[in-house]
A.B. asks: 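Submitted below is the structure of interest, expressed as structure tokens.
We number each residue from 1, following the sequence as shown.
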Amino acid sequence: RTQIARQEFIDRYQGIATEAGLTGVTVTLSGQSNLDAQVPIHVVLASGYLGDIEQDNTIQTRQEDGRWLIDWSPSLIVAGLGESCVDYTELGSSRGAILDTNGKKLAYEAIVNEVGIIPGQLTNEKTEVATLAKLIGMKASDIEDRYKDGEPGWFMPITQLPDPLDNDVLNGISELDGVAVRQVKSRVYPYGPVAAHITGYVTAVNADDIAANPDGGLVAGQMIGRAGVEAAADDLLSGKPGGRLSIVDCSTRSEESVVAERAAIEPKDVILTIDIDFQKQVDTALGDVTGSAVVLDPRTGAVMALASHPS
């Protein structure tokens, strides 16, 4: 208590628990106290990222005013921690592709160009937004809706465009104050609404997902299927990310030792019986009709096309 403030003590424990994805801690005595009043313990840290992390450690005790007290040190949080910090590094976070029966990609990960606005850097807002709208084929009002709640210095994503970016678009954006482009990894659906109801979509894992499945190895920022094949085959498509929990220097973040590590389970591609070229023909045939069409292969019962209007 004389060495560390109560709140600092709590904050450090909570920070490490969050970084390591800890959901529980079990401590058992693993032997008898020795002549130096050291008590051996076995600690199991339950991590949603890495599974159970087992460590053997020692509690130093001492007698003071007739009471036995714990001589606390940071290494009781994680063995060997000392005055260092911990970092969790995710390993292998890609997602498998969804393919049609001929191997054409209906959903896959790729580098895309994310166009965004930094509100505080706009110098002639109406003109710059109107020009951007023409360049990327969006309504000015839709663009404004996507950045209006952002702080002046935030990069507010507006849309994603395929890579490589069209030179005319890139050159036009470069002349606009407050508009920027950055490359990011994203889920790509090349056939848009024609296949959207089949593929479904993904979003980033949120706190509710992690709370509902604490042992599922879910990591903040990881993508998870929300509908369609993305959701139904999420276990196959996502695999299971691996990770490494390390003790690092608090200033440089250089690694000093590895606490625990788990290899990633590689994701798998999912091949459908859908023929996307035929799917487009069926979708076009429906036209403006409100309804749906399902086409099966009479020999196998395989679904070749599945169209619905409105999409």
A.B. asks: Would a single hydrophobic cluster contain both Leu236 and Val202, if residues Ile, Leu, Val, Met, Phe, Trp and Tyr are joined by side-chain heavy-atom contacts under 4.5 Å?
C.D. replies: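 In one cluster with Val202: Leu236, no.
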A.B. asks: Say whether, by atom type as modelled, one donor and one acceptor occur between the side chain of Asn102 and the main chain of Lys104 under 3.5 angstrom.
C.D. replies: no
A.B. asks: For atom CD of Glu151, decide whether the heavy atoms of other residues, nucleotides or ligands shown that lie under 6.0 angstrom number more than 12.
C.D. replies: yes
A.B. asks: Among Thr18, Ile16, Leu245, Val259, which residue satisfies the side chain to side chain contact (heavy atoms under 4.5 Å, CB included) criterion with Tyr88?
C.D. replies: Leu245
A.B. asks: In this structure, would Val43 and Val86 fall into the same cluster of hydrophobic residues linked by side-chain contacts under 4.5 Å?
C.D. replies: yes
A.B. asks: Do His309 and Val289 have side chains that get closer than 4.5 Å, going by heavy atoms?
C.D. replies: no
A.B. asks: Is it true that Leu50 and Val248 fall in one hydrophobic cluster, defined by side-chain heavy atoms closer than 4.5 Å?
C.D. replies: no
A.B. asks: Tell me if the CZ atom of Arg253 is crowded by more than 12 foreign heavy atoms within 6.0 Å.
C.D. replies: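 More than 12 heavy atoms, drawn from other residues, nucleotides or ligands, come within 6.0 Å of this atom.
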A.B. asks: Asp297 side chain to Ala302 main-chain N or O, any donor-acceptor pair under 3.5 Å?
C.D. replies: no
A.B. asks: Assess the residue pair Met304 and Thr101 against the criterion (side chain to side chain contact (heavy atoms under 4.5 Å, CB included)); give the C-alpha distance rounded to whole Å, side-chain angles, the decisive distance to 0.1 Å, and a yes or no.
C.D. replies: CA-CA 9 Å; Met304 300 173 63; Thr101 190; over 6 Å; no
A.B. asks: Does Ser47 reach the main-chain N or O of Tyr49 with its side chain, forming a donor-acceptor pair under 3.5 Å?
C.D. replies: yes
A.B. asks: How long is the straight-line distance from CG of Leu99 back to CG of Asp269, given to the nearest 0.5 Å?
C.D. replies: 5.0 Å
A.B. asks: I'd like to know if the side chain of Ser75 and the backbone of Gly82 have a donor-acceptor N/O pair within less than 3.5 Å.
C.D. replies: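 Checked: pair present.
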A.B. asks: Could you list all the salt bridge (Lys or Arg N to Asp or Glu O under 4.0 Å) pairs where at least one residue sits in residues 118-137, not counting sequence neighbours?
C.D. replies: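 Listed once each, the pairs are Lys126-Glu144.
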A.B. asks: Mind checking the CG-OG spacing from Asp249 to Ser254? Nearest 0.5 Å is all I need.
C.D. replies: 4.5 Å
A.B. asks: Do the non-hydrogen side-chain atoms of Ser246 and Glu261 ever get within less than 4.5 Å of each other?
C.D. replies: no
A.B. asks: Do Glu114 side-chain atoms and Pro157 backbone N/O form a donor-acceptor pair below 3.5 Å?
C.D. replies: no
A.B. asks: Starting from Val25, can I reach Leu29 by hopping between I/L/V/M/F/W/Y residues whose side chains sit under 4.5 Å apart?
C.D. replies: yes
A.B. asks: With side chain to side chain contact (heavy atoms under 4.5 Å, CB included) as the criterion, how do Val115 and Leu135 come out once you've worked through the C-alpha distance, each side chain's angles and the decisive distance to 0.1 Å?
C.D. replies: CA-CA 11 Å; Val115 179; Leu135 287 170; over 6 Å; no
A.B. asks: Ignoring hydrogens, what is the shortest heavy-atom contact between Ser186 and Val112? Give both atom names and the distance.
C.D. replies: CB-CG2, 3.6 Å
A.B. asks: Restricting to non-hydrogen atoms, name the atom on Val282 and the atom on Ala305 that form the minimum distance, rounded to 0.1 Å.
C.D. replies: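 Result for this residue pair: CG2-CB, 3.8 Å.
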A.B. asks: Is the side chain of Thr61 donor-acceptor paired with the backbone N or O of Ala37 at a distance under 3.5 Å, no angle test?
C.D. replies: yes
A.B. asks: Identify whether Val179 and Val169 are in the same connected component of the hydrophobic contact network (ILVMFWY, side-chain heavy atoms under 4.5 Å).
C.D. replies: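 Val179 and Val169: one cluster.
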A.B. asks: Any side-chain to backbone donor/acceptor pair from Asp275 onto Asp277? Under 3.5 Å, distance only.
C.D. replies: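 Yes: the side chain of Asp275 pairs with the backbone of Asp277.
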A.B. asks: With heavy-atom distances below 4.5 Å as the criterion, would you say the side chains of Thr199 and Val229 are in contact?
C.D. replies: no
A.B. asks: Side chains of Pro74 and Glu83: does their closest heavy-atom pair fall under 4.5 Å?
C.D. replies: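 Touching, per the 4.5 Å side-chain cut-off.
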A.B. asks: Any chance you could measure Asp177, atom CG, to Gln121, atom CD, to the nearest 0.5 Å?
C.D. replies: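 These two atoms lie 8.0 Å from each other.
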A.B. asks: To the closest 0.5 Å, what do you measure between CG (Leu306) and OG1 (Thr273)?
C.D. replies: 9.5 Å
A.B. asks: Do Leu76 and Ile59 have side chains that get closer than 4.5 Å, going by heavy atoms?
C.D. replies: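 Touching, per the 4.5 Å side-chain cut-off.
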A.B. asks: Keeping Asn113 on the side-chain end and Pro162 on the backbone end, is there a donor-acceptor pair under 3.5 Å?
C.D. replies: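 Present.
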A.B. asks: Any idea which heavy atoms bring Glu256 and Ser84 closest together, and the distance?
C.D. replies: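 Taking every non-hydrogen atom into account, OE1-OG, 2.7 Å.
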A.B. asks: Without swapping roles, check the side chain of Asp36 against the backbone of Gln38 for a donor-acceptor pair under 3.5 Å.
C.D. replies: no
A.B. asks: Step by step, work out the side chain to side chain contact (heavy atoms under 4.5 Å, CB included) result for Val78 and Ile53.
C.D. replies: CA-CA 10 Å; Val78 174; Ile53 303 170; over 6 Å; no
A.B. asks: Mind listing the closest non-hydrogen atom pair of Asp208 and Asn206 along with its distance?
C.D. replies: N-OD1, 3.0 Å
A.B. asks: Please round to the nearest 0.5 Å and tell me the distance separating atom CG of Asn57 and atom NE2 of His42.
C.D. replies: 11.0 Å
A.B. asks: What do the steps show when you test Asp209 against Arg226 for salt bridge (Lys or Arg N to Asp or Glu O under 4.0 Å), and what is the final call?
C.D. replies: CA-CA 11 Å; Asp209 298 319; Arg226 297 297 186 189; 2.6 Å; yes
A.B. asks: Checking salt bridge (Lys or Arg N to Asp or Glu O under 4.0 Å) against Arg244, which of Glu90, Glu19, Glu255 comes through?
C.D. replies: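 With Arg244 as partner, Glu90, Glu19, Glu255 yield a single salt bridge (Lys or Arg N to Asp or Glu O under 4.0 Å), made by Glu255.
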A.B. asks: State, yes or no, whether a side-chain contact exists between Asp100 and Gln279 at a heavy-atom distance under 4.5 Å.
C.D. replies: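 Result no, sub-4.5 Å side-chain heavy-atom pair not found.
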A.B. asks: Do you know the tightest heavy-atom contact between Gly150 and Pro119?
C.D. replies: O-CG, 4.2 Å
A.B. asks: Assign the ring pair Phe9 / Trp72 to parallel, tilted or perpendicular, where the plane angle (0 to 90°) is split at 30° and 60°.
C.D. replies: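 Ring orientation of Phe9 relative to Trp72: perpendicular.
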A.B. asks: State, yes or no, whether a side-chain contact exists between Pro267 and Leu237 at a heavy-atom distance under 4.5 Å.
C.D. replies: no
A.B. asks: For the OG1 atom of Thr58 and the CD1 atom of Ile41, what is their distance to the nearest 0.5 Å?
C.D. replies: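 That separation rounds to 7.5 Å.
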A.B. asks: Identify the heavy atoms of Asp149 and Trp154 that sit nearest to each other, and give their distance.
C.D. replies: O-CZ3, 4.4 Å
A.B. asks: State, yes or no, whether a side-chain contact exists between Arg187 and Met223 at a heavy-atom distance under 4.5 Å.
C.D. replies: no
